[in-house]
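First the structure, in the form of structure tokens, and then the observations on it.
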Amino acid sequence: MTTTSPLVVCFGEMLIDFVPDTSGVSLAESTAFIKAPGGAPANVACAITKLGGASAFIGKFGDDEFGHMLVDILKKNGVNSNGVCFDEHARTALAFVTLKKDGEREFMFYRNPSADMLLKESELNMDLIKKAKIFHYGSISLISEPCRSSHMAAMKAAKAAGVLLSYDPNVRLPLWPSLDAARDGIKSIWNQADMIKVSDDEVAFLTKGDAQKEDVVMSLWHDNLKLLIVTDGEKGCRYFTKKFKGKVEGFPVKPVDTTGAGDAFVGALLVSVAKDANYLFNDEGKLKEALKFANACGALCTTQKGAIPALPTNSDALGLINSKR
């Protein structure tokens, strides 16, 4: 990790994904599982360092073998772990992931409550948050207390220190008490973010409308927002700023496992934004270049199993971009 790169602090959950060793079978039918590190904010932190950026992770783990294994993975990936803490009484979260034939997935979670949900405000490394150029988070940390209050306090401290707020809701409906609770919870912090990335499915869920229609997407816009990104899977992404809007084509690849693709995309975008946010938000050409690079990173991540092991390097992404010229 270089000290000169602007710091992106990622806040939230890191867990173990158990992925079937065979795609296209149900959890019940699967005979063996591969243990893979997961959790969107942690994936984003690792995506950033893999691309040569600087990142830190803030979250809580069980004081168990899985928890220590995950923190070791962060360290091996060059992620600053000064914001990490352990809980002696709660376990590290687990998720069993079903891979369908097309690489899409379904989740079954074990976290009742897991250590990540028990992060207290007093355990936040506020100095680390205030040092960041970007503070990035999801919505899973909003589901239950005390983590929700810690999330709000971290956002408030970041905002007060002039840090850019980046939000990828990463909707995981099985974790919320109900669909309405999910919608309300995710939208409760919507208007505070400087940049938001949502998938087309998430747009449809949050608006109850057609995600391909621009007026539906724009119902998610708010005045504090500098950049709204809608990812459309292999088709690429759409972007909206105060000054311009458009779309950037994706890269067709043969997907094996879509886990972490959105996180690879976000990590790549945040590396670009951290270098020069104002330039990117005001120069459409520069933004399109950054999004093309992010699309390439997202596409490459789907060509291997697991999230963190499948995260691409700069040269991987540039190789894919150049091969399609």
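Only a predicted model underlies this, so the values are computations on that prediction, with no experimental measurement involved.
When all heavy atoms are compared, the tightest approach of A294 to A268 is CA-CB, 3.7 Å. Taking both residues in full, the closest heavy atoms of S219 and V216 are given as OG-O, 2.5 Å, listed atom of the first, atom of the second, then distance. Residue A299 comes nearest to F251 through the heavy atom pair CB-O, 3.6 Å, listed as atom of the first residue, atom of the second, then distance. Closest of all the heavy-atom pairs between N314 and F293 is OD1-CZ, 3.0 Å. The heavy-atom pair separating P37 from D17 by the smallest distance is O-OD2, 4.4 Å. Residues G12 and P41 share a closest heavy-atom pair of CA-CG, 3.9 Å.
The cluster map of Ile, Leu, Val, Met, Phe, Trp and Tyr, joined by side-chain heavy atoms under 4.5 Å apart, puts M218 and I196 in the same cluster. Using a 4.5 Å cut-off between side-chain heavy atoms of Ile, Leu, Val, Met, Phe, Trp and Tyr, with links allowed through other members, F11 and L7 fall into the same hydrophobic cluster. Note: the hydrophobic cluster containing L165 also contains W221 (ILVMFWY, side chain heavy atoms under 4.5 Å, direct or indirect links). Cluster membership for V9 and I140, using ILVMFWY side-chain heavy atoms within less than 4.5 angstrom, is shared. F265 and L220 end up in different hydrophobic clusters when Ile, Leu, Val, Met, Phe, Trp and Tyr side chains are linked at under 4.5 Å.
Dense packing is recorded around NZ of K324, with more than 12 heavy atoms of other residues, nucleotides or ligands lying under 6.0 Å away. Within 6.0 Å of NZ in K213 there are 12 or fewer heavy atoms belonging to other residues, nucleotides or ligands. Around atom CZ of R91, no more than 12 heavy atoms belonging to other residues, nucleotides or ligands sit under 6.0 Å away. Counted within 6.0 Å of NZ on K247, heavy atoms from surrounding residues, nucleotides or ligands total 12 or fewer; the atom is thus considered open. Open room surrounds NZ on K131; 12 or fewer heavy atoms of other groups in view lie less than 6.0 Å from it. Other residues, nucleotides and ligands place no more than 12 heavy atoms under 6.0 Å from the OH atom of Y110.
Residues S272 and L280 are in side-chain contact: their nearest non-hydrogen atoms beyond the backbone lie under 4.5 Å apart. L74 places a side-chain heavy atom less than 4.5 Å from the side chain of V84. Residues F57 and N80 are not in side-chain contact: their nearest non-hydrogen atoms beyond the backbone lie 4.5 Å or more apart. Between L15 and F66, every side-chain heavy-atom pair lies at or beyond the 4.5 Å cut-off. Side chains of L124 and L119 form a contact here, defined as non-hydrogen atoms less than 4.5 Å apart. In this structure, V171 and I186 have side chains that are in contact, with non-hydrogen atoms separated by less than 4.5 Å. Looking at H151 and I189, their side chains come closer than 4.5 Å, going by heavy atoms from C-beta outward. Here the side chains of D72 and M69 are not in contact, with every heavy-atom distance at 4.5 Å or above.
Note that CG of D201 is 11.5 Å distant from CZ of F205, once rounded to the nearest 0.5 Å. Between the NZ atom of K243 and the CG atom of D283 there is a distance of 9.5 Å, given to the nearest 0.5 Å. Atoms CG and CG, from L225 and L227 in turn, are 7.0 Å apart once rounded to the nearest 0.5 Å. Within the model, atoms SG of C147 and NZ of K60 stand 9.5 Å from one another, a figure rounded to the nearest 0.5 Å. With values rounded to the nearest 0.5 angstrom, C301 atom SG is found 5.0 Å from L311 atom CG. Atom CG in N191 sits 8.5 Å away from atom CG in D223 (nearest 0.5 Å).
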Next item on the list: Would you sort out whether I229 and R238 count as a side-chain contact (heavy atoms from CB on, under 4.5 Å), showing the intermediate values?
Entry: CA-CA 6 Å; I229 300 287; R238 288 169 278 162; over 6 Å; no

Check: Stepwise, does the salt bridge (charged side-chain N to carboxylate O under 4.0 Å, His left out) test hold for E249 with K235?
Finding: CA-CA 6 Å; E249 293 297 319; K235 294 201 292 283; over 6 Å; no

Item checked: Chi angles and distances behind the side-chain contact (heavy atoms from CB on, under 4.5 Å) call for N43, I308 -> CA-CA 6 Å; N43 293 343; I308 292 172; 3.4 Å; yes

Next item on the list: Determine, step by step, whether I34 and F18 satisfy the side-chain contact (heavy atoms from CB on, under 4.5 Å) criterion, reporting the C-alpha distance in whole Å, the side-chain angles of both residues, the deciding distance to 0.1 Å, and the verdict.
Entry: CA-CA 6 Å; I34 297 159; F18 285 96; over 6 Å; no

Note to self: Show, in sequence, the C-alpha distance, side-chain angles and deciding distance for V44 and L270, and conclude whether the side-chain contact (heavy atoms from CB on, under 4.5 Å) test is met.
What the structure shows: CA-CA 9 Å; V44 170; L270 292 181; 3.9 Å; yes

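In this structure, the side chain of S166 does not engage the main chain of H136 through any donor-acceptor pair within 3.5 Å. One N or O on the side chain of T92 and one on the backbone of G67 form a donor-acceptor pair closer than 3.5 Å. Using modelled atom types, no side-chain atom of S30 and backbone atom of L27 make a donor-acceptor pair closer than 3.5 Å. No side-chain donor-acceptor contact under 3.5 Å links D194 to the backbone of L164. Counting only distance, with no hydrogens or angles, the side chain of S178 and the backbone of A181 share a donor-acceptor pair below 3.5 Å. Looking only at distances, no side-chain donor or acceptor of K120 sits under 3.5 Å from a matching main-chain atom of S149. Remark: the backbone N or O of G209 is paired with a side-chain donor or acceptor of T207 at under 3.5 angstrom. Although no hydrogens or angles enter the test, the distance criterion places a donor-acceptor pair under 3.5 Å between the side chain of K187 and the main chain of L206. Side-chain atoms of N77 never come within 3.5 Å of backbone atoms of V79 as a donor-acceptor pair (strictly under, hydrogens ignored). Judged by distance alone, the side chain of K133 and the main-chain N or O of P6 form no donor-acceptor pair under 3.5 Å.
Classification of the F135-Y137 ring pair by plane angle, with boundaries at 30° and 60°, yields tilted. Between F86 and H68, the ring planes lie parallel to each other; the angle is under 30°, not in the 30° to 60° tilted range.
Between R111 and E13 there is no salt bridge, since no side-chain nitrogen of the basic residue lies less than 4.0 Å from a carboxylate oxygen of the acidic one. Between R183 and D180 a salt bridge is recorded (basic side-chain N to carboxylate O distance below 4.0 Å).
For an aromatic pair to be called close, the ring centres must be under 6.0 Å apart, and F96 with F107 fails this.
Checking Y167 against Q192 by side-chain atom types alone, no donor-acceptor pair falls below 3.5 Å. A side-chain donor from one of T259 and D257 sits under 3.5 Å from a side-chain acceptor of the other. Residues D116 and S114 have side chains that bring a donor and an acceptor to within less than 3.5 angstrom of each other.
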